[in-house]
Protein chains: 2
Amino acid sequence: MDKERKAHLEARARVLKAMAHPSRLLIIEELEKTERCVCELTEMIGADISTVSKHLSVLRQAGIVADDKRGNQVYYRLRIPCMLKFFDCVESVLESQAGARVACLAGGCR
Amino acid sequence: MDKERKAHLEARARVLKAMAHPSRLLIIEELEKTERCVCELTEMIGADISTVSKHLSVLRQAGIVADDKRGNQVYYRLRIPCMLKFFDCVESVLESQAGARVACLAGGCR
DNA sequence: CATCTACTTGGCTAATATGCCAAATAGCCA
DNA sequence: TGGCTATTTGGCATATTAGCCAAGTAGATG
């Protein structure tokens, strides 16, 4: 395989891998709505704050979120505003599993 | 957190996790173009055929590909035709890492 | 039937991810 | 300064993943 192609595939995989966790998806969904500090996200997720901090670190290193320290709180926001659209196709995979393969073909993942 | 929401996040995460590997992304890209048998994909990837078979199994279980045995070869194809569009936003994450944050805002991830 | 090819599965090791606790860091406020 | 709150980091146990080899299965073909 082409070296450049390989590097590109690896880069894409890193981003997807960073997203591929329920708590991190929740974070992304919430940050779609508005920025949040770590303790707010921690409360939504219901895990140890250190765990949430590490999830945020994964997302930051992948370039998905950015942080912003204000006072003694750290606010996180999405760096890329199109994450929700990004999910359309994931949804159609899920719908197809449920037998409703129609949605995507009908334009659900445009 | 809402039980239903949790289940939904987990379902999404499973799909993303299935995609989050360079070899599996290559498989998806190639199957965008045309169906392929295991040995063709194996040659493109350059790993052991058993490894590739396991990657395909991951994708199949996630509902991303379907298989079709013809003769003694097994052909794989995408179940969901919108995978390439799905990547637009991943790309904009990567571009933003490279400093070119413009692309997505300018419509690159529509 | 014997054998070949194509593929899958089992088993193993090494690497990576997850999540908690405890300790360290940083800013605020008395 | 001292103590408080918010967050990050280190360390550890456990779980999951990746990849190879070897063995098993299934269809094709002589």
Side-chain angles (χ1 to χ4, degrees), chain A residues 1 6-7 9-28 30-31 34-78, chain B residues 1 6-7 9-28 30-31 34-78:
Chain A
M1 192 192 336
K6 196 180 165 211
L9 290 168
E10 283 166 358
R12 281 184 168 185
R14 269 193 297 278
V15 175
L16 287 166
K17 203 161 157 184
M19 299 174 69
H21 186 286
S23 300
R24 297 199 288 266
L25 288 182
L26 181 129
I27 291 169
I28 291 171
E30 291 302 321
L31 297 187
T34 181
E35 62 169 20
R36 292 285 188 188
C37 69
V38 183
C39 61
E40 287 174 318
L41 294 168
T42 299
E43 200 187 328
M44 293 176 197
I45 291 171
D48 194 276
I49 189 173
S50 70
T51 300
V52 174
S53 177
K54 280 179 185 174
H55 282 309
L56 286 165
S57 158
V58 169
L59 291 171
R60 193 183 337 105
Q61 281 179 46
I64 295 169
V65 303
D67 61 324
D68 183 15
K69 185 153 200 169
R70 292 206 291 277
N72 58 357
Q73 288 173 309
V74 179
Y75 283 87
Y76 280 86
R77 63 191 150 75
L78 284 190
Chain B
M1 193 191 337
K6 196 181 166 209
L9 291 167
E10 283 166 358
R12 282 184 168 187
R14 268 193 297 277
V15 175
L16 288 167
K17 203 162 156 183
M19 300 174 68
H21 186 287
S23 300
R24 296 199 288 267
L25 289 181
L26 180 130
I27 291 169
I28 291 171
E30 290 302 321
L31 297 186
T34 182
E35 64 170 18
R36 292 286 188 188
C37 68
V38 183
C39 62
E40 287 174 318
L41 294 168
T42 298
E43 201 187 328
M44 292 177 198
I45 291 170
D48 193 276
I49 188 172
S50 71
T51 301
V52 175
S53 178
K54 280 178 184 173
H55 282 309
L56 287 164
S57 159
V58 169
L59 291 171
R60 192 182 340 104
Q61 281 178 46
I64 296 169
V65 302
D67 61 324
D68 183 15
K69 185 153 198 169
R70 292 206 292 277
N72 58 356
Q73 288 173 309
V74 180
Y75 284 86
Y76 281 85
R77 62 191 150 76
L78 284 190

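Reminder, nothing fancy here: chain letters follow the sequence lines and each chain counts from 1. None of the values given here were measured: they were computed from a predicted structure.
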With rounding to the nearest 0.5 angstrom, report the CE to CZ distance, B/Met44 to B/Arg36.
3.5 Å
Can you see if the side chain of A/Tyr76 gets near the phosphate of D/dT8 - specifically, an N or O under 4.0 Å from OP1 or OP2?
yes
May I have the distance from A/Gln73 (atom CD) to D/dC4 (atom P), rounded to whole angstrom?
18 Å
What residue among B/Asp68, B/Val74, B/Asn72 forms side chain to side chain contact (heavy atoms under 4.5 Å, CB included) with B/Arg70?
B/Asp68
Using a 4.0 Å heavy-atom cut-off to protein, can you give one letter per nucleotide of nucleotides 24-30 of chain C, 5' to 3': B if the base is in contact, S if only the sugar-phosphate is, - if neither?
--SBS--
My understanding is that only residues two or more places apart in sequence, or in another chain, count here; which of them pass side-chain hydrogen bond (donor to acceptor under 3.5 Å, both in side chains) with B/Ser57?
B/Gln61
Calculate, to the nearest 0.5 Å, the distance between atoms CZ and CZ belonging to B/Arg12 and A/Arg24 respectively.
15.5 Å
Distance check needed: C/dA17 P versus A/Arg14 CZ, whole Å only.
11 Å
With the threshold set at under 4.0 Å for non-hydrogen atoms, list the residues of residues 38-47 of chain A touching DNA chain D in residue-number order.
A/Val38, A/Cys39
Please report the closest heavy-atom contact between B/Leu59 and B/Ala18, naming both atoms and the distance.
CD2-O, 3.6 Å
Distance in Å, A/Asp67 CG paired with A/Cys37 SG, rounded so as to fall on 0.5 Å steps:
12.5 Å
Review item, nucleotides 14-16 of chain D N/O atoms under 3.5 Å of protein N/O:
none

Under 4.0 angstrom between B/His55 side-chain N/O and D/dT17 OP1 or OP2
no
Is it the case that over 12 heavy atoms from other parts of the model lie below 6.0 angstrom from the CD atom of B/Glu43?
no
Looking at every non-hydrogen atom in both residues, tell me the closest pair between A/Cys39 and A/Gln73 and how far apart they are.
SG-NE2, 4.0 Å
Review item, nucleotides 9-13 of chain C N/O atoms under 3.5 Å of protein N/O:
from, atom 1, to, atom 2, distance (Å)
C/dG10, O6, B/Lys54, NZ, 3.0
C/dG11, O6, B/Lys54, NZ, 2.5

I need the CG-C1' distance between B/Leu59 and D/dA18, as an integer number of Å.
14 Å
Can you tell me how far NE2 of B/His21 sits from CG of A/Leu16, rounded to the nearest 0.5 angstrom?
12.5 Å
Nearest-0.5 Å distance that lies between atom OG1 in B/Thr42 and atom CD1 in B/Ile49
4.5 Å
Rounded to the nearest Å, what distance is computed from the CG atom of residue A/Leu56 to the C1' atom of nucleotide D/dT7?
10 Å
Pairwise side-chain contact, A/Val65 with A/Arg60, heavy-atom cut-off 4.5 Å (strictly under)
yes
Of the nucleotides D/dA18, D/dT7, C/dG19, which one has an atom closest to the side chain of B/His21?
D/dA18
With ring-ring contact (aromatic ring centres under 6.0 Å, His included) as the rule and sequence neighbours excluded, what pairs involving residues 59-78 of chain A come up?
none
Quick one: closest heavy-atom pair of B/Met1 and A/Leu26, and the distance?
SD-CD1, 3.4 Å
In whole Å, what is the span from the CG atom of A/Leu26 to the P atom of C/dT18?
15 Å
Would you check if B/His55 and B/Leu41 make a side-chain contact, meaning some heavy-atom pair closer than 4.5 Å?
no
For atom CG of B/Asp67 and atom P of D/dT25, their distance in whole Å:
19 Å
